[in-house]
Number of protein chains: 2
Amino acid sequence: MEIPRTLKVLWGLEERRNRGPQPALTLDRIVATAIEIADRDGLAALSMARLAERLGSAPMSLYRHVASKDELLVFMQDAAPGEPPMLPPGWRAGLGAWARGLKAVFHRHPWILQVSAGRPPLEPGQIAWLDRGLSAFDGTPLTSRERFQAVMATLYYVRGEAQIFALLLTGEADVADDAYGALIGSLVTADRFPALAAAIADGLFAPEVEDVTFETGLSRLFDGIELLVSTKN
Amino acid sequence: MEIPRTLKVLWGLEERRNRGPQPALTLDRIVATAIEIADRDGLAALSMARLAERLGSAPMSLYRHVASKDELLVFMQDAAPGEPPMLPPGWRAGLGAWARGLKAVFHRHPWILQVSAGRPPLEPGQIAWLDRGLSAFDGTPLTSRERFQAVMATLYYVRGEAQIFALLLTGEADVADDAYGALIGSLVTADRFPALAAAIADGLFAPEVEDVTFETGLSRLFDGIELLVSTKN
DNA sequence: TCCTAACTGCGTATGAGGTACGCATCGAGC
DNA sequence: GCTCGATGCGTACCTCATACGCAGTTAGGA
């Protein structure tokens with residue numbers, strides 16, 4: 001029942017005195033700059049030294065505002081998603097908008113997927129998104145548990161997609177590349193990998209095809225949820 | 001079209017001389033021990049120094065077998081999942097077995113989710129699992145692209161679940177804990193988070209409930225895929 | 001008005017970690 | 001037995017996170 005300092009700060013439960021000099025550094029500015037660095041160059045490129053340099057201060061100055069680098073990462077993770085979007089009416093349109101918004105967040109800030117709070121998620125940003133997702137089912141006959149499971153299934157799907165997407169982004173070669181198709185074609189032989197070889201022979205990695213995998217899979221998932229909703233009507 | 005050294009080793013395309021002393025260290029032993037450490041203590045606890053100590057050698061000796069720590073991580077990631085399971089007949093049972101096998105892999109080796117090859121996935125282990133997943137649809141009327149999208153959707157779902165699971169595991173507090181329910185209940189107020197507050201009031205985080213979220217969501221996804229399959233029959 | 005205590009910025013130093021470089025040793029094939 | 005590629009590893013360097021403590025700043029009380 002002891003609330004960790006990190007959560008106290010995030011929920012605004014920390015009382016503040018105001019003696020001393022005007023702060024040249026603020027938590028908001030530190031977090032925003034750290035997010036910029038992680039977005040542009042990846043989480044591995046974010047060091048306290050580089051961050052301080054970008055802020056025009058000394059590395060140790062950051063520790064007046066942040067207990068550790070790990071705490072900074074939690075602050076970043078909570079701030080980066082921003083407010084969840086307003087959802088259109090109807091659970092399918094609503095949850096679809098929620099899922100696409102979350103996908104955009106993860107694609108813009110792929111490092112979020114590498115951050116662990118070291119504790120079950122209780123940051124206000126995470127909570128706000130979960131609440132918004134659940135609200136998509138307002139007015140439907142689903143129980144609380146069914147709504148939660150549907151939102152979590154969607155979250156799993158979106159996070160998983162974003163994770164794979166992040167893997168594909170790293171490095172110069174792209175899956176959409178001819179080189180990738182050629183390479184995978186030369187390694188995947190029909191005797192060892194019959195199903196995949198057949199798919200490749202079918203043109204699976206042909207470069208011209210537009211990628212709609214995310215939307216297609218999301219439709220499958222939503223179709224399944226729709227079955228559940230309709231049985232309760 | 002240039003195959004990176006890492007892939008050459010994994011696919012067995014590296015020619016080997018055999019002069020010199022009997023190797024005290026082998027790649028297999030290094031990788032297996034590294035996996036043990038990462039499984040037990042997490043990826044952060046895996047350092048070249050600790051690994052060498054566990055192997056009874058000096059840190060720099062490892063670099064005779066591994067180009068860098070990053071390469072070691074790729075080797076680990078490829079070796080840890082092992083062979084994909086044989087699938088029972090029927091796409092739904094088959095893909096279900098595949099998904100549960102993959103879930104078990106990620107739960108046993110959660111650090112896999114933090115490893116990035118820095119390049120689109122071309123390791124033989126990954127390819128073998130993908131091929132096995134696609135094979136679940138042998139005999140169904142789905143096109144190659146539809147099969148691929150169904151398998152990828154399942155992969156997204158499983159990876160996302162494993163990622164959230166890994167987040168919940170870290171730290172001593174558990175979501176199943178009373179303390180977590182009390183804490184989230186005190187932070188989530190109906191005015192700021194109406195949908196979530198209602199769900200909590202409904203007993204969403206009551207500690208006694210068995211967690212079947214993974215299976216439930218997977219059933220939704222498979223229901224949606226089944227709709228697609230049935231329209232093609 | 002002045003003093004004091006809280007608060008800020010930061011210089012120094014420590015220890016962990018990855019790895020480049022080069023030397024010493026080993027042993028299969030000539 | 002000689003040679004040359006392969007192996008093990010000691011040393012050294014660089015990057016990083018961060019503990020500690022000093023010095024400067026300013027709001028609130030005397």
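Throughout, protein chains are lettered first and strands after them, A, B, ... in sequence-line order, and every chain is numbered starting at 1.
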Which pairs, protein N/O on one side and nucleotides 18-23 of chain D N/O on the other, fall under 3.5 Å?
residue, atom, partner, partner atom, Å
dT18(D), OP2, Tyr63(A), OH, 2.9
dT18(D), OP2, Lys69(A), N, 2.9

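An OP1 or OP2 oxygen of dC10(C) is reached within less than 4.0 angstrom by a side-chain nitrogen or oxygen of Ser61(A). Considering only side-chain N and O atoms, Arg50(A) lies nowhere under 4.0 angstrom from the phosphate OP1 or OP2 of dT15(D). Contact between the side-chain N/O atoms of His65(A) and the OP1/OP2 oxygens of dT8(C) is not found at any separation under 4.0 Å.
When the P atom of dC16(D) is taken as reference, atom CG of Leu62(A) falls 14 Å away, rounded to whole Å. Atoms CG (Leu72(B)) and C1' (dT19(C)) sit 14 Å apart, rounded to a whole Å. Atom CD of Glu53(A) is separated from atom C1' of dT15(D) by 14 Å (rounded to the nearest Å).
Side-chain atoms of Asp191(B) and Thr189(B) include a donor-acceptor pair closer than 3.5 Å.
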Using the side chain to side chain contact (heavy atoms under 4.5 Å, CB included) rule, take Leu43(B) and Leu46(B) through it: C-alpha gap first, then chi angles, then the decisive distance, then the call. CA-CA 5 Å; Leu43(B) 200 54; Leu46(B) 176 66; 4.3 Å; yes
Take Leu27(B) and Val9(B), measure what side chain to side chain contact (heavy atoms under 4.5 Å, CB included) needs, and give me the verdict at the end. CA-CA 10 Å; Leu27(B) 183 55; Val9(B) 172; 3.8 Å; yes
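Interatomic distance, CZ of Arg100(B) versus CG of Leu218(B), reported as 6.0 Å (0.5 Å rounding).
A residue-by-residue look at Leu46(B) and Ala58(A) shows that Ala58(A) has its nearest nucleotide of DNA chain C further toward the 5' end.
Trp111(B) places no side-chain N or O within donor-acceptor distance of the main-chain N or O of Leu73(B), the cut-off being under 3.5 Å. Here the side chain of Trp98(A) pairs a donor or acceptor atom with the backbone of Trp129(A) at under 3.5 angstrom.
Minimum heavy-atom separation, Leu51(B) to Ala34(B): CD1-N, 3.7 Å. Considering all non-hydrogen atoms of both residues, Trp11(B) and Pro124(B) come closest at NE1-CD, 3.4 Å.
Under the salt bridge (charged side-chain N to carboxylate O under 4.0 Å, His left out) criterion, the residue pairs touching residues 46-75 of chain A are Arg5(A)-Glu71(A), with sequence neighbours excluded.
Annotation: ring pair (Phe, Tyr, Trp, His ring centres under 6.0 Å) contacts of Phe106(B) (sequence neighbours excluded): none. Shown here are the ring pair (Phe, Tyr, Trp, His ring centres under 6.0 Å) partners of Tyr156(A), two or more places apart in sequence or in another chain: Tyr157(B).
For the segment residues 24-32 of chain A, residues with any heavy atom less than 4.0 angstrom from an atom of DNA chain C are, sorted by number, Ala24(A), Leu25(A).
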If a protein heavy atom is under 4.0 Å from the base, mark B; if only from the sugar-phosphate, S; if neither, -; do that for nucleotides 24-30 of chain D going 5' to 3'. BBBBS--
